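Report on the structure given below.
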Amino acid sequence: MLDELEKMISGIIRAASTEMLDMENYHWFRLEDGESIGFPVEQLNERELALLHHLGSPITIPRGSSRDTDWYNLLHGIKDTNNFIADPLYANGCRFIFFHIDGYIGADVFREAMDSLTDYPLACVWYNRQSGMLIESRQKESISYEEVVDMVMYDLSVSLRLFVSPWLASLEDAPAQYTWLHSAYKQIPLHAAKHVLHFHDSIPQLISTLLPNADRNYIMQHILQGLDADEELLRTIKMYFACNQNLTLTAKKLFIHRNSLHYRLDKLTERTGLDIRKFQDAFALYFAIQNM
């Protein structure tokens, strides 16, 4: 695989260890065989960088607080972290918030903006200049990212996308959970519709990655029944799901009368045989739309 990458990207270098890596001029990745490879920053566009995140694990150098370093060491199996696992800040567990920033902003500015959202310190592990992961400790009042993401984007003048993991009970199995969740995060399209995507919302997309393309296409074809060609009806269904299946709110968001919404949903049932007001039918339709 590396031979093929070297044909497409010039200036690739190898490193015998992760010590003294040139993080300013190279994006570093650890491939499946354990080799550490550096790709010149100026040689990669955003699409190529996103592809590399699917081929290997990004190598980062911890910076910032000592807690950032402790998390980096814990997740990568570096040093004895038994004392950190017993940190009372994480007595009730934690969760990972993977982030991607569209636009340039200094790491310190982003960190300050996110720290202002809570009275408890957030840890941060950077993958590159635009992406990384925050670790939030579980407290009585957790951060509602849906409520603050617009404010943060406005203040920083960037677009921000978050993937929020479930709560983990303790730090003991955090490395294994992180490895799996990071792999799941990489399966989600970088420019998903929502700025805040929770793990449970991504289940349909994650399930689809386990299916061969032919099976996924057949499922979509049989569920949608040509619905993907009806822009008005498709927009109505997407809004219905975005409003948590609230008919009144959906009609309001679409600027139509509630009776008009009922007419469109009846039209959907007539075309596909699915009643979106039933859980099983709604899930099938949601699955298909999420994988269009």
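For this chain, numbers begin at 1 and follow the sequence in order. Quantities reported herein were computed from a predicted structural model and do not represent experimental measurements. These numbers come from the heavy atoms of this one structure, side chains and all, not from hydrogens, waters or symmetry mates.
- A side-chain donor-acceptor contact under 3.5 Å links H195 to the backbone of L160.
- I13 has its side chain out of reach of I37: every pair of non-hydrogen atoms, C-beta onward, lies at least 4.5 Å apart.
- Between D68 and A123, the shortest heavy-atom contact is OD1-CA, 3.3 Å.
- Residues passing the side chain to side chain donor-acceptor pair (under 3.5 Å) test with Y178 are Y127, sequence neighbours excluded.
- Looking at R271 and D230, their side chains come closer than 4.5 Å, going by heavy atoms from C-beta outward.
- R258 and T248 share a side-chain donor-acceptor pair at under 3.5 Å.
- Aromatic rings of W126 and F99 (six-membered ring for Trp) have centroids within the 6.0 Å cut-off, being under it.
- Annotation for L261 and A251: closest pair CD2-N, 3.9 Å, computed over non-hydrogen atoms.
- Scored by the side chain to side chain donor-acceptor pair (under 3.5 Å) test, R235 finds no partners at all (sequence neighbours excluded).
- Note that CD1 of I188 is 9.0 Å distant from CD of Q290, once rounded to the nearest 0.5 Å.
- Looking at residues two or more places apart in sequence or on another chain, you find no side chain to side chain donor-acceptor pair (under 3.5 Å) involving D119.
- Distance alone, capped at 3.5 Å, places no donor-acceptor pair between the S183 side chain and the T179 backbone.
- Among residue pairs with one or both ends in residues 223-252, those qualifying as ring pair (Phe, Tyr, Trp, His ring centres under 6.0 Å) are F241-Y286; sequence neighbours excluded.
- Applying the salt bridge (charged side-chain N to carboxylate O under 4.0 Å, His left out) definition to pairs two or more places apart or across chains, those involving residues 131-154 are R95-E136.
- To the nearest 0.5 Å, atoms CD1 (I9) and CZ (F39) are separated by 5.5 Å.
- In terms of modelled atom types and a separation under 3.5 Å, the side chain of S165 and the main chain of F96 share a donor-acceptor contact.
- Within the 4.5 Å cutoff, the side chain of L224 has heavy atoms near those of the L285 side chain.
- Between the side chain of N244 and the backbone N or O of N246, no donor-acceptor pair lies under 3.5 Å.
- Closest heavy-atom contact between T250 and T236: CG2-O, 4.3 Å.
- In plain terms, the two heavy atoms of Y26 and G11 that are nearest each other are CE2-O, 3.6 Å.
- Closest heavy-atom contact between H100 and S131: ND1-CB, 3.9 Å.
- Here H262 contributes atom NE2 and D266 contributes atom CG; the two are 8.0 Å apart, rounded to the nearest 0.5 Å.
- Using cut-offs of 30° and 60° for the angle between ring planes, the H182 and Y185 rings count as tilted.
- In this structure, the side chains of R161 and L197 stay at 4.5 Å or more apart for every pair of heavy atoms.
- Considering only heavy atoms from C-beta on, D102 stays 4.5 Å or farther from V158 through its side chain.
- Side-chain contact between I276 and D281 is absent, with no heavy-atom pair separated by less than 4.5 Å.
- Residues L181 and P166 are in side-chain contact: their nearest non-hydrogen atoms beyond the backbone lie under 4.5 Å apart.
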What side-chain donor-acceptor pairs closer than 3.5 Å can you find for residues 83-92, not counting sequence neighbours?
from	atom 1	to	atom 2	distance (Å)
D87	OD1	L89	N	2.9
D87	OD2	R67	NH2	3.3
Y90	OH	W71	NE1	3.0

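- Between C124 and R111 the shortest heavy-atom distance is CB-NH1, 3.5 Å.
- Just one residue in the list V148, V164, I97 forms a side-chain contact (heavy atoms from CB on, under 4.5 Å) with V196, and that residue is V164.
- More than 12 heavy-atom neighbours from other residues, nucleotides or ligands sit within 6.0 angstrom of CD on Q187.
- Two residues are said to be in side-chain contact when any heavy atoms from C-beta on lie closer than 4.5 Å; H198 and L162 fail this criterion.
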